[in-house]
Amino acid sequence: MIETVFCLNNNDNVLTKILGYKFSTNLSDVFKAGFIENIAWKKLWDDDPIIRKTNNLENFDNVVSIASQKGEDAKFIQKTEVSTAYSPITKASTLLVEGIEFMILELLSIHLNDYFRQYNSDKAKEFISEFDRSDFSRLLLDNRFLSLFSTSLENRHIFAEVAKKNLNSNVTEIRGFDGSYYKKFKLILPRETTIERPALGCIELKNARFKLKIKIKYENYNYNLPDGFEQAYIGVAPAEITTKKVKLEIENEVNLVSLLNFKNWQYYSWLDSFIEELYNQFSFEEFLTQINWSTVSTLLHTQQTLSMFLSTQNKK
């Protein structure tokens, strides 16, 4: 289980980056690139958003005054009723899950390419295959980001000028200054491996030896960032953003019968290293550990306390 988080600006509904946290920065870049080319996605994102704005103080029947005496400035306590009714997933949430799917597939593509680079011999070609865009018709139909970003340059208006330069087929990625993105999507996998998307937010790879399933679980739950993180690290007031969490459930199964065959397991050891890389880039708790937030927050707190103390002393 990997727990990830993302932040949304409450005013303009834009994803707010957490610098250094790859899941957050990559998610923001993916959506920026998608919205540049498809304004319909941006309209969908804003019209049926993840965060639905409500004015809690419009109905004063739910507000209790706690002014101790008549004439004093009234203070209010808002009564909040929690509904247990099912809340259908919004269109923006569906788009969010598709964006995360694309990020997982892209990371898998990069990881596999790096891993199998060490096996370029003719013998290795007997055990691994390269799958390109034409092999993933179902995935392309179901995931809008994968379909858009892997479309050839000559078929995308935003890359019209680039396409005129007749770039060779070795170009695997292009990032425009405006945020636009092109990815020559491919996967290098052991032969007879299939990759499927049985449902929204579920990616499954399997063959006779293994099965890897990754499920994206987004349930619209808020996430409480560590005290002071918004102000000190992101640079915003806590009320300016809403933080949501997403869980990744990873199931990695190995066929017990296949363990009797000791040959060619080197073509499968990428499974563990990919899951580890997914954890390093997606886990928010791991990110906090990487930046040593517990120590940083302690230093910030002591500096603030010392500053307040010195200020008080100077006033005496």
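Counting begins at 1 with the first residue of the sequence. Because the structure is predicted, anything quoted here is derived from the model rather than measured. Heavy-atom basis, side chains included; hydrogens, waters and symmetry copies ignored.
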**OP:** Please report the shortest heavy-atom distance between T94 and L200, naming the atom on each side.
**Re:** CG2-CD2, 3.9 Å

Subject >> Residue pair I51 / N10: nearest heavy atoms and the distance that separates them >> reply: CD1-OD1, 3.8 Å

How about [X] and [Y]: do any of their side-chain heavy atoms sit closer than 4.5 Å?
| X | Y | value |
| --- | --- | --- |
| I250 | Y279 | no |
| T90 | N220 | no |
| V296 | I291 | no |
| T295 | S297 | no |
| F282 | I104 | yes |
| K245 | N222 | no |
| K247 | T4 | no |

Is the shortest side-chain N to carboxylate O distance from [X] to [Y] below 4.0 Å?
| X | Y | result |
| --- | --- | --- |
| K17 | D29 | yes |
| E219 | K217 | no |
| K206 | E204 | yes |
| D142 | R197 | yes |
| E37 | R156 | yes |

**OP:** Answer yes or no on whether R133 is positioned over the face of F185, meaning its NZ or CZ is under 6.0 Å from the six-membered ring centre and within 45° of the axis.
**Re:** no

**OP:** For the residue pair W45 and F31, categorise the inter-ring angle as parallel (less than 30°), tilted (30 to 60°) or perpendicular (more than 60°).
**Re:** tilted

Taking [X] for its side chain and [Y] for its backbone only, find out whether a donor-acceptor pair lies under 3.5 Å.
| X | Y | result |
| --- | --- | --- |
| D135 | D132 | yes |
| T302 | T298 | yes |
| T25 | Y21 | yes |

**OP:** Using the side-chain hydrogen bond (donor to acceptor under 3.5 Å, both in side chains) rule, collect all pairs that involve residues 228-239, keeping only residues at least two apart or in two chains.
**Re:** none

**OP:** Flag yes if more than 12 heavy atoms outside K32 fall under 6.0 Å of its NZ atom; otherwise flag no.
**Re:** no

Original post:
Does the gap between the ring centers of F145 and W41 come in under 6.0 Å?
Top reply: yes

**OP:** Decide if the gap between the ring center of F6 and the ring center of Y223 is smaller than 6.0 angstrom.
**Re:** no

**OP:** List for me each residue that meets ring pair (Phe, Tyr, Trp, His ring centres under 6.0 Å) alongside Y182, sequence neighbours excluded, and say none if there are none.
**Re:** none

Subject >> Residue among N207, L112, T194 satisfying side-chain contact (heavy atoms from CB on, under 4.5 Å) with L189 >> reply: L112

Subject >> N113 versus Y115, side-chain donor and acceptor atoms under 3.5 Å >> reply: no

